[in-house]
Colleague: 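I have a structure I would like to understand better, so I am pasting it below and will then ask my questions one at a time.
Numbers restart at 1 for each chain; the letters A, B, ... are given by sequence-line order, proteins then strands.
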Number of protein chains: 4
Amino acid sequence: MSQRPGPEQPEDGGTAAGRRQPDPTRRNARSRAAILMASLQLVGEVGYARLTIEAIAARAGVGKQTIYRWWPSKAAVLLDAFTEGGGEGGPEAAVPDTGDLAADLRAVLRATADEFSDPAFEAPYRALAVAGAQDAELAREFDARLTDVGTELYVARLRSARDAGQIRGDVDLRLAADMLTGPFFQRWLARRGPLDHAFTDALVDAVLAGLRPRD
Amino acid sequence: MSQRPGPEQPEDGGTAAGRRQPDPTRRNARSRAAILMASLQLVGEVGYARLTIEAIAARAGVGKQTIYRWWPSKAAVLLDAFTEGGGEGGPEAAVPDTGDLAADLRAVLRATADEFSDPAFEAPYRALAVAGAQDAELAREFDARLTDVGTELYVARLRSARDAGQIRGDVDLRLAADMLTGPFFQRWLARRGPLDHAFTDALVDAVLAGLRPRD
Amino acid sequence: MSQRPGPEQPEDGGTAAGRRQPDPTRRNARSRAAILMASLQLVGEVGYARLTIEAIAARAGVGKQTIYRWWPSKAAVLLDAFTEGGGEGGPEAAVPDTGDLAADLRAVLRATADEFSDPAFEAPYRALAVAGAQDAELAREFDARLTDVGTELYVARLRSARDAGQIRGDVDLRLAADMLTGPFFQRWLARRGPLDHAFTDALVDAVLAGLRPRD
Amino acid sequence: MSQRPGPEQPEDGGTAAGRRQPDPTRRNARSRAAILMASLQLVGEVGYARLTIEAIAARAGVGKQTIYRWWPSKAAVLLDAFTEGGGEGGPEAAVPDTGDLAADLRAVLRATADEFSDPAFEAPYRALAVAGAQDAELAREFDARLTDVGTELYVARLRSARDAGQIRGDVDLRLAADMLTGPFFQRWLARRGPLDHAFTDALVDAVLAGLRPRD
DNA sequence: GGTTAAGCGAGACGGTACGTCTGGTCTTGTT
DNA sequence: AACAAGACCAGACGTACCGTCTCGCTTAACC
């Protein structure tokens with residue numbers, strides 16, 4: 001979100017013009033940080049639906065225009081807040097590779113489950129998921145900066161396992177990763193059950209059962 | 001949703017009173033139908049975020065109070081509208097049982113994918129999923145009336161297959177069903193890829209690979 | 001201002017339509033009174049330039065929309081407030097007619113000067129004069145409801161004096177009235193000097209000097 | 001208005017300091033002229049109420065601070081703009097003295113009426129009158145630089161006539177001048193009627209009727 | 001002639017109020 | 001009593017300006 005100084009504006013002074021884009025170099029870093037911090041606090045306190053730009057501005061000690069100047073929506077604010085504030089690239093930074101695929105995946109999914117049980121993480125992440133479900137443009141951004149990164153880590157670990165002959169050569173690694181994250185995501189977002197280790201362990205086992213060489 | 005005239009009001013005629021519950025027998029069926037119809041139309045036209053009670057009332061030719069009297073939220077209206085308007089019990093009415101588990105699941109998931117590609121179905125369903133993600137109470141209702149029903153159909157079909165010895169006896173049928181619906185749900189809600197038959201077929205195959213007896 | 005239920009809207013449901021006009025019979029009298037009262041208080045406290053609709057609404061315990069629904073501008077609110085609150089038809093209700101024209105005019109102008117020295121009267125009246133100077137539409141309304149009424153009273157008294165032969169038959173009564181009010185108005189609005197009895201008495205004498213029969 | 005580098009700052013280099021007064025010798029004359037020009041243009045286009053400092057700055061191609069540095073308010077800008085741009089000392093430069101008082105006054109008032117019928121003159125003058133009505137400090141400045149000058153010219157001409165025995169010796173010349181300008185001002189500012197020659201001629205005659213010696 | 005301190009164009013900033021929109025409640029008159 | 005209609009209090013929306021505050025840049029004035 002925030003500002004990408006891409007080459008999309010053809011002339012600027014032309015006829016179409018429209019919204020005047022601000023100069024990112026003059027941006028007040030202190031205000032920006034205060035806004036992101038306030039967003040995370042407030043979404044945790046009142047939830048996404050009752051999160052308002054006015055409240056963020058007031059909490060951050062900032063004019064509303066300073067938010068509207070730099071972000072197109074409150075979801076975009078949250079996305080910046082989340083990616084900068086704590087979620088450093090998705091559920092985990094990297095899937096460990098001890099050689100034991102099952103153990104590695106169990107460990108990561110357990111850690112992820114724990115993370116999603118932390119309200120400070122859960123509230124903004126859920127807010128972003130909800131916003132993304134309603135706005136394709138935001139969803140793209142959200143996926144590119146959070147979800148896809150996480151998926152890629154699973155794919156990488158699975159590829160390593162495939163190279164080691166621990167899983168069949170014909171498996172679709174992307175699909176396999178989705179089989180790990182999909183049930184997890186659904187259970188979490190729709191609150192279809194507790195995100196405990198029993199569930200994640202069983203999920204890992206069930207998925208791996210379909211990936212192992214037929215011997 | 002709508003109104004369950006349960007025995008929760010202890011005194012009613014007391015001092016504090018509170019919410020007067022209306023008499024369902026005097027309800028105007030024509031208004032109710034118009035409200036549900038208008039909800040479905042509007043959510044398809046403007047999406048859930050910009051769906052307003054005022055617009056529903058205006059479109060239905062109904063007073064706002066008639067909506068507030070019978071439903072606690074616009075999501076509840078939509079839920080009634082959806083379960084009565086078209087989604088006759090979730091994605092499908094029943095999983096066929098031809099004896100060929102893979103073929104049956106492929107058929108059902110293909111049909112479901114087609115259904116979720118129909119905007120008239122997709123818009124209100126997505127709206128409900130989004131509302132459910134933000135409101136646990138609503139999510140419960142939503143699951144009870146839509147998702148759980150669907151899941152149960154998969155579980156039933158899988159049980160039949162297990163009884164026929166086509167899948168191992170130790171598999172967790174609920175988890176197996178989640179492995180079918182989870183990736184599907186995630187791909188759909190977060191728009192992580194096209195909901196085509198290639199995807200659903202591959203998903204069915206991948207899940208079944210983990211369920212088959214080891215022989 | 002407020003609402004004139006004239007027959008100007010031809011069809012309403014037609015193509016032009018536009019602003020939906022509210023139903024004056026359903027108007028909340030208590031809210032209306034509170035708004036007018038608050039307007040008078042606030043214009044006295046902070047002046048017209050810093051008088052805001054928001055502050056009026058807050059002071060009156062009323063939603064902003066209730067003001068915007070019934071009045072087109074804060075000046076219109078003030079005009080209603082002023083004509084109903086205290087200014088009972090302009091500077092004075094009637095010019096006395098004791099037979100002594102000079103004495104009568106002196107008395108009225110002295111009373112008017114006193115009135116314009118009362119901040120509770122002065123603040124809203126000045127606000128209206130200022131608003132009228134900037135908005136011809138409002139000025140028309142203001143004149144019709146306040147200034148013209150006052151002028152007419154002078155004209156009536158002067159006509160009585162003319163009929164009694166106390167002033168020449170060829171004098172333009174309207175102009176004569178303007179010669180009384182014009183210098184007064186200018187001195188007051190532009191603060192060109194004190195509005196004391198010395199001034200008003202001198203003004204009356206100077207004007208009458210030009211009206212008397214030449215003998 | 002603008003800046004009077006008077007000796008009001010006691011210490012300047014003190015601790016509290018406060019308002020830094022800028023150095024008038026380093027002032028950019030081109031910017032100053034552009035600001036005054038833009039003010040006059042804009043007040044004619046949108047009126048005083050919707051005249052904004054930002055718009056003046058933008059039209060003049062000038063930073064906002066350059067306006068705030070040299071003028072305390074938009075009214076002060078307008079006052080400078082007006083006194084420099086065209087109204088060179090009020091309605092007229094001098095009242096002619098042909099010996100015929102009535103003819104001289106009629107000529108001046110006719111010219112003044114014509115001037116006040118010119119939008120390029122009327123718009124900023126009305127703006128200043130309005131601003132002055134709301135701000136006593138500004139009104140003082142306005143009077144000193146425009147109105148008083150005009151009044152003094154009338155007084156001078158009347159004094160000349162009095163010395164020539166054309167009007168009585170006991171008349172209050174200041175009041176007489178106000179009887180000419182007051183009705184004119186009121187009619188113009190409150191738009192109580194057309195500012196045509198018929199009006200001004202009648203006004204001159206009516207006033208002079210009260211000034212002539214009783215013979 | 002190089003340094004330095006202002007004025008300057010530009011515009012980001014913390015604020016306030018705008019006029020609009022919608023939420024959810026209350027009131028009125030009709031069916 | 002439910003209903004259509006819509007006025008009401010409340011408060012967030014996104015915009016427009018306010019007046020202040022940096023930023024670099026230009027332009028004297030004084031070394």
Colleague: Quickly work out the A:Leu51 CG to F:dG11 C1' distance and round it to whole Å.
Modeller: 15 Å

Colleague: Just compare E:dG24, F:dA12, F:dC18 and give me whichever is closest to any side-chain atom of D:Thr52.
Modeller: F:dC18

Colleague: As an exercise, state the distance from CG of D:Leu42 to OG1 of D:Thr52, rounded to the nearest 0.5 Å.
Modeller: 7.5 Å

Colleague: In whole angstrom, give the distance that lies between atom CZ of A:Arg50 and atom P of F:dG11.
Modeller: 14 Å

Colleague: Mind calculating the distance between CD1 (B:Ile67) and P (F:dG6) to the nearest angstrom?
Modeller: 15 Å

Colleague: More 5' along DNA chain E: D:Ala29 or C:Ile53, using each one's nearest nucleotide?
Modeller: D:Ala29

Colleague: How long is the line joining CH2 of B:Trp71 and C1' of E:dG24, in whole Å?
Modeller: 16 Å

Colleague: Taking atom C1' of E:dG9 as reference, at what distance in whole Å does atom CD1 of D:Ile56 sit?
Modeller: 16 Å

Colleague: For A:Lys74 and for C:Arg26, locate the closest nucleotide of DNA chain F by heavy-atom distance; then report the residue assigned to the nucleotide nearer the 5' terminus.
Modeller: C:Arg26

Colleague: Side chains of B:Trp70 and B:Val77: closer than 4.5 Å at any heavy-atom pair?
Modeller: no

Colleague: Send over the distance from C:Asn28 CG to E:dC26 P, rounded to a whole Å.
Modeller: 14 Å

Colleague: What is the distance, to the nearest angstrom, from the CD atom on B:Glu54 to the P atom on F:dA4?
Modeller: 15 Å

Colleague: Hey, does D:Ser31 reach any base, or is it just sugar-phosphate, or nothing, if we go heavy atoms under 4.0 Å?
Modeller: sugar-phosphate

Colleague: Check the distance between F:dA5's P and B:Tyr68's OH and give it to me in whole angstrom.
Modeller: 16 Å

Colleague: Should A:Leu51 and A:Leu78 count as side-chain neighbours, where that means a heavy-atom distance under 4.5 Å?
Modeller: yes

Colleague: Suppose the criterion is side chain to side chain donor-acceptor pair (under 3.5 Å): which pairs have a residue in residues 42-51 of chain D, not counting sequence neighbours?
Modeller: D:Glu45-D:Arg59

Colleague: Checking contacts here: which listed nucleotide (F:dA7, F:dG19, E:dC18) is nearest the side-chain heavy atoms of C:Asp23?
Modeller: F:dA7

Colleague: Suppose we screen for side chain to side chain contact (heavy atoms under 4.5 Å, CB included). Which residues come up paired with C:Ile53, at least two apart in sequence or across chains?
Modeller: C:Ile67, C:Tyr68, C:Lys74

Colleague: What residues from residues 57-66 of chain D pass a heavy-atom cutoff of under 4.0 Å to DNA chain F?
Modeller: D:Lys64, D:Gln65

Colleague: Would a 4.5 Å heavy-atom cut-off, applied to side chains only, mark B:Lys64 and B:Ile56 as touching?
Modeller: no

Colleague: Please confirm whether the shortest side-chain N or O distance from D:Arg69 to OP1 or OP2 of E:dC8 is below 4.0 Å.
Modeller: yes

Colleague: Would one find a side-chain N or O of A:Trp70 under 4.0 angstrom from OP1 or OP2 of E:dC13?
Modeller: yes

Colleague: First locate atom CG of C:Asn28, then atom CD1 of C:Ile35, and finally report the distance between them rounded to the nearest 0.5 Å.
Modeller: 8.5 Å

